[in-house]
Protein chains: 2
Amino acid sequence: MHWFKYKNALLYGLSLALLLLLLQWLEFRFLVLSHSMEVYVGFIALLFTGLGVWLALKLAKPKKETIVIEKEVHIPAPTEFTLNQNELERLGISKRELEVLQLMSEGLSNAEIAERLFVSLNTIKTHSSKLFEKLDVKRRTQAVEAAKRLQLIP
Amino acid sequence: MHWFKYKNALLYGLSLALLLLLLQWLEFRFLVLSHSMEVYVGFIALLFTGLGVWLALKLAKPKKETIVIEKEVHIPAPTEFTLNQNELERLGISKRELEVLQLMSEGLSNAEIAERLFVSLNTIKTHSSKLFEKLDVKRRTQAVEAAKRLQLIP
DNA sequence: AACCCGGTCATACTTTAGTATGATTTTGCC
DNA sequence: GGCAAAATCATACTAAAGTATGACCGGGTT
C-alpha cells in the first residue's frame, strides 16, 4: 500500500485544481457583472494568502528537539579499587606501612604479619604504632575502617 | 522601549502596503497594455501564496517534536545494605551478638561497646567469644571481615 | 662527611583482647 | 508453670595488642 505516501500530494493537487476552477468562475462572474477589479483582485489575494498559510503550516518540517534523560542505574558491581596516592602522601604513610595495613585488614595478627613479611613481631608493632598515629586512630580495627574510607585499601 | 513589541506588526503592515501599491501598478500596467487577465491573476495568486507561506513560517509557533533518549548512567552509588537473615539463622547469631558485631566493625573497643550497650565489659567479652566461635574466626578483625563478606553488616 | 629517613629490632611495660568456667536473671514459648 | 535459649555478670587466667624508648643500618641528599 505504498500509494499512501502520495496521499497528501494528491490532495494538494486536487485542492489546487479546485481553486483554479473557482478562480475561473469568479473571473467570469466578475467580468460579466462588471464588478470592480479591485474587489476581485483583493479576494484572490486573500484567498491565496490563506492557501499559502495553510500550505506552510501543513508542510513545515517540525523542529526536532532531542532531550537526553539520564537514567540512574544501580550497578552492584564491585567498584574496582584504585589506591588514593594523594592521601598516602598527605598522611606520610610508607610502602611498608601500607603492606602491614593491608594484611591487618585481612584479619591477620601481628605475629602472622611478621611471618608473612619475614620480619620480627616487634617490627610489626612499631609499624602499626606509627600507622595508628598517622591515621589518628587507637586500634587496628579503627585503622582498617579509616583506611577503607580513605581508599588506601580495598 | 515597549514599542519593540509592535516592530513586527509594523513591518508586516508596511510590507502589505507595499504589496498593494505594487498591485495597483501591476493592474495599471496590465490594463493599459491589455495583457491577458489570466496571467495577471496567476501572478497575484502566486505572489500572495508566497506571502502566506512567508507569514505562516514567520509567525507560526515552530512545531516541536521531542525525542527522548534514555541514557544509562552508572552510579558507583551506595549499594544499599540488606541484612542476610539466612546466614544469621544458619550461624545461630542472636540479636545482641549482631549488635556487638556492628559496634566492633566501627572500631570500638570492648570497653566502649560495653558502655554503649549499658552492660559490663565481661558481658561483651562473652558475646564476642561466642561470636568468634560461630563465625569460626580467632580475632575481631577476622570477625568483621567475615561478617562483611556474609552481609551481616554493611 | 654529616644528615635524614625508612626499615629493622630489642627491652620493658601497660592495656586490651580473648578463653574457660560457672552462675544468675530474663524472656519467649509450649 | 516449667523449659530452653538468650543475656547478663564474675573470677581468673593467657595471649595479643599497643606504647615508649633507644639502637643499628643502608640509601639518598645536601
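The chains referred to below are lettered A, B, ... by the order of the sequence lines, with proteins before strands, and numbering in each begins at 1. Everything numeric in this text was worked out from a predicted model, so none of it was measured.
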Atom [atom1] of [X] to atom [atom2] of [N]: distance rounded to whole Å?
| X | N | atom1 | atom2 | result |
| --- | --- | --- | --- | --- |
| Ile124(B) | dT8(D) | CD1 | C1' | 10 Å |
| Leu88(B) | dA6(D) | CG | P | 12 Å |
| Lys95(B) | dA6(D) | NZ | P | 10 Å |
| His127(B) | dA5(D) | NE2 | C1' | 13 Å |
| Arg96(B) | dT26(C) | CZ | C1' | 12 Å |
| Ile113(B) | dT8(D) | CD1 | P | 13 Å |
| Leu98(A) | dG6(C) | CG | C1' | 14 Å |

Q: Consider only side-chain N and O atoms of Thr123(B) and Thr126(B), and report whether a donor and an acceptor are under 3.5 Å apart.
A: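 Judged by distance alone, the side chains do not pair up.
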
Q. Between Ser94(A) and dG7(C), does any side-chain N or O lie under 4.0 Å from OP1 or OP2?
A.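 Yes, such a contact exists.
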
Q) In Å, rounded to the nearest 0.5 Å, how long is the span from CG of Leu83(B) to CG of Leu98(B)? A)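 Going from the CG atom of Leu83(B) to the CG atom of Leu98(B) covers 6.0 Å.
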
Q.
Does the protein touch nucleotides 12-21 of chain C at the base, only the backbone, or not at all? Give it as B, S and - per nucleotide, heavy atoms under 4.0 Å.
A. -----BBB--

Q.
Around atom CD of Glu115(B), are there more than 12 heavy atoms from other residues, nucleotides or ligands closer than 6.0 Å?
A.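 For Glu115(B), atom CD is not crowded (no more than 12 foreign heavy atoms under 6.0 Å).
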
Q) Is the count of non-hydrogen atoms from other residues, nucleotides or ligands lying under 6.0 Å from Lys138(B) atom NZ greater than 12? A)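 At most 12 heavy atoms, drawn from other residues, nucleotides or ligands, come within 6.0 Å of this atom.
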
Q: Take Val144(A) and Lys148(A) through the test side-chain contact (heavy atoms from CB on, under 4.5 Å) and record every step on the way to the result.
A: CA-CA 6 Å; Val144(A) 171; Lys148(A) 289 198 174 181; 4.1 Å; yes

Q) Base, sugar-phosphate, or nothing for Thr123(A), non-hydrogen atoms under 4.0 angstrom? A)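 Base, at least one base heavy atom under 4.0 Å.
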
Q.
Would you say that His127(A) contacts Arg96(A) through its side chain, given a criterion of any heavy-atom pair below 4.5 Å between the two side chains?
A.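 Of all side-chain heavy-atom pairs linking Arg96(A) with His127(A), at least one is under 4.5 Å.
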
